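Each remark here refers to the structure printed beneath this line.
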Amino acid sequence: MRTSVEQRGNVSTVHIAGRVDGQTADALQQVLSGELEAGRHELVADFGGVDYTSSAGLRVLLATVKGARSRGGDLRLAGVRPEVLNVLELSGFTSILSVFETVDDAVESFGGQET
Amino acid sequence: MTMPQPPSGPPHQPDRPPANVLVVDDTPANRDILSRRVQREGYRVQTAEHGRDALEKLRAEPFDLVLLDVQMPVMDGPQLLEALRNDAELAHLPVIVVSAVDDIDVIVHCLELGAVDYLPKLFKPAVLRARMSAALDRKRLRDAERRHADSLTRELDVARKIQEDFLPESFPTAVGVQLEAALYPARQVSGDFYDAFALASSGTIVLVVGDVCDKGVGAALFMALFRSLIRASADPVAGGAIQMVGGRRSVVRLSLESATPADLLTRVAGFTNDYIARLHGRTNMFATVFLGALTPHSGQFDYVNAGHEPAIILAPDGTTRELRPTGPALGLMPDVLFRAEAITLERGHSLVAFTDGLVEARGPAGDAFGSERLRDALRGHNTSASALIQGVLGTLHAFTGDTEPHDDVTLLVATRTGG
């Protein structure tokens, strides 16, 4: 799994590629927690490159969305592939997380002015 | 990991007995000189005349280090090294080769056979001291690591045995219903669980298959909690939880006895969800759980699927239908309202509930077992609950071969027999 972070206005987009599982979930958690701790609470997780996520990955999303909302922000997903979306839907994560078609849609949904 | 530096102080510390060293040489004069030198460094010394003699002594009592000559009668140095390497008890005993042979090939051969170091026969005491001390330090570190690993293994064995106690010892019996289940942990302990119990009041059989997120010890701790919350809230009388409240227990019992299975299931799901989300929210643990309630005589089957892999209803003709989620996984957020659905489990039909470790199990080529193979295996063994379980597990094991399991696998089948 690889990650990279991109800033647009107040929104941090974390691009993720590869498998999110028990081996890699901690690394993803550190990246997302790092954003929250740096005061960036409006987060987009770009799942366009994620071909698999285990429940360990879902746990990272749960921790992050709770952390972001408790600070007045949110975590939103973008570009989720059908097989991963199926996992999110089955487990009910789509009922607690907003999912957008594209990163642009997700970033714009925060309504911040891009400068 | 950092290796400790070779100590520059005394070779042994007062809180430790001196290391036990075996000097192996066929020349008495060499043995004596070397033994005295080693003794002078503060170690205990014994001697052997050749490899065979050494092997007997090494097997008779524990040693910490061997100083080994190369050329000897009966069994020479390389032969002893080979014998040690093939002996599980002695394979890790450090050996320093002491050789007059200036043939570098022999020394290399000994090192390849597992010797940790070598010394020329005309050594300086300081060199002997440094080499022995380094070899003994490595051995102590190794021994400590092994003891640590052994104690972790023992702890996990204890955890595994205790965890088995969180699975039902036996299943409820009801006329016209067969129940079977199996659980294979990927590691010593599991985040999967299943349960089946009859409600004393109505005879309704509650069936549970759950999968706590992530794996290992953390998931195993939460498995015990989820299972207990579900069991105790579904059946407070037998589960014992609300009996503790004392004088009010009959009121609680009455209110539950009059509840419909659907009410009961949604209440159990809501209670468990809120308990985890509120009291354990910081850990961000959750579980996907399939909860069912089967009324044996009518076949009425109520269920709440909390974010879990769809359960399968299998008909005698092999057709299947899925019981998909009716709500999110338990523990994500508090105050979720769970919805129950109802079907009739007709005679001859089976309910098959399982965890994703089954359909996501990988074969040697890296592909997943998948739901099609599962359905084919079910159709091919559709004669009884135990035949279904055995058939699916047999097909799964044939598919995965020796591939290491990456997730726990759990399977529960309830068959309503014909007639």
Side-chain angles (χ1 to χ4, degrees), chain A residues 1 18-37 43 45 50-71 73-77 80-99, chain B residues 186-187 191-192 210-219 222 269 273 276-278 280-290 304-311 322-339 355-357 359-360 362 366 368 370-371 406-408:
Chain A
M1 185 201 69
R19 287 170 64 87
V20 186
D21 57 22
Q23 305 287 319
T24 58
D26 280 351
L28 179 59
Q29 182 71 73
Q30 278 180 14
V31 172
L32 291 165
S33 300
E35 291 303 299
L36 291 179
E37 279 155 23
L43 302 176
V50 175
D51 43 28
Y52 172 83
T53 181
S54 74
S55 57
L58 298 183
R59 193 171 164 226
V60 170
L61 296 181
L62 179 62
T64 308
V65 72
K66 280 158 70 174
R69 285 180 189 164
S70 70
R71 293 165 166 90
D74 199 7
L75 169 71
R76 296 173 188 176
L77 301 190
V80 185
R81 296 185 188 184
E83 57 273 26
V84 175
L85 189 60
N86 184 45
V87 172
L88 294 175
E89 281 172 348
L90 276 182
S91 54
F93 271 73
T94 46
S95 70
I96 60 165
L97 282 171
S98 307
V99 181
Chain B
R187 305 179 188 174
D192 276 12
D211 182 353
V212 177
C213 64
D214 217 340
K215 289 188 265 286
V217 174
F222 271 83
N273 177 72
I276 298 287
R278 287 192 203 286
H280 296 278
R282 276 180 309 175
T283 59
N284 299 302
M285 294 297 275
F286 61 91
T288 69
V289 179
F290 183 87
V304 168
N305 183 342
H308 196 76
E309 195 71 30
E322 288 190 333
L323 307 184
R324 294 184 61 81
T326 61
L330 302 183
L332 297 183
M333 296 277 173
D335 303 322
V336 176
L337 284 178
F338 288 88
R339 188 169 53 83
T355 56
D356 57 6
V359 279
E360 290 180 7
R362 304 267 155 192
S371 55
H406 77 291
D407 201 357
D408 312 321

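Since we're looking at a predicted model, the values are computed, not measured. To find a chain, count down the sequence lines: A is the first, B the second, and so on, and within it residues start at 1.
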* Hey, what do you get for NZ (K215(B)) to OG (S54(A)), rounding to the nearest 0.5 Å? ->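 Atom-to-atom, K215(B):NZ and S54(A):OG are 5.5 Å apart.
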* Is any residue of residues 23-33 of chain A within less than 4.5 Å of chain B by heavy atoms, and which ones? -> none
Enumerate, atom names and distances included, each donor-acceptor pair closer than 3.5 Å involving a side-chain atom of residues 80-91 of chain A, sequence neighbours excluded.
from	atom 1	to	atom 2	distance (Å)
R81(A)	NE	G48(A)	O	3.0
R81(A)	NH2	G48(A)	O	3.3
S91(A)	OG	V87(A)	O	2.8
S91(A)	OG	L88(A)	O	3.4

* Where the side chain of R59(A) meets the backbone of F286(B), is there a donor-acceptor pair that is under 3.5 Å apart? -> no
Extract all donor-acceptor atom pairs below 3.5 Å that involve side chains of residues 62-69 of chain A and protein atoms in other chains or at least two apart in sequence.
from	atom 1	to	atom 2	distance (Å)
T64(A)	OG1	V60(A)	O	2.7
K66(A)	NZ	G281(B)	O	2.8
K66(A)	NZ	N284(B)	OD1	2.9
R69(A)	NE	D74(A)	OD1	3.0
R69(A)	NH1	I96(A)	O	3.2
R69(A)	NH2	D74(A)	OD1	3.4
R69(A)	NH2	I96(A)	O	2.6

* Output all residues satisfying side-chain contact (heavy atoms from CB on, under 4.5 Å) with A45(A), sequence neighbours left out; order by chain, then residue number. =>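 With neighbours one apart ignored, the set is I16(A), F47(A), L75(A), L77(A).
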* Heavy-atom pairs under 4.5 Å with chain B, option from G57(A), A56(A), S95(A) with the top count -> A56(A)
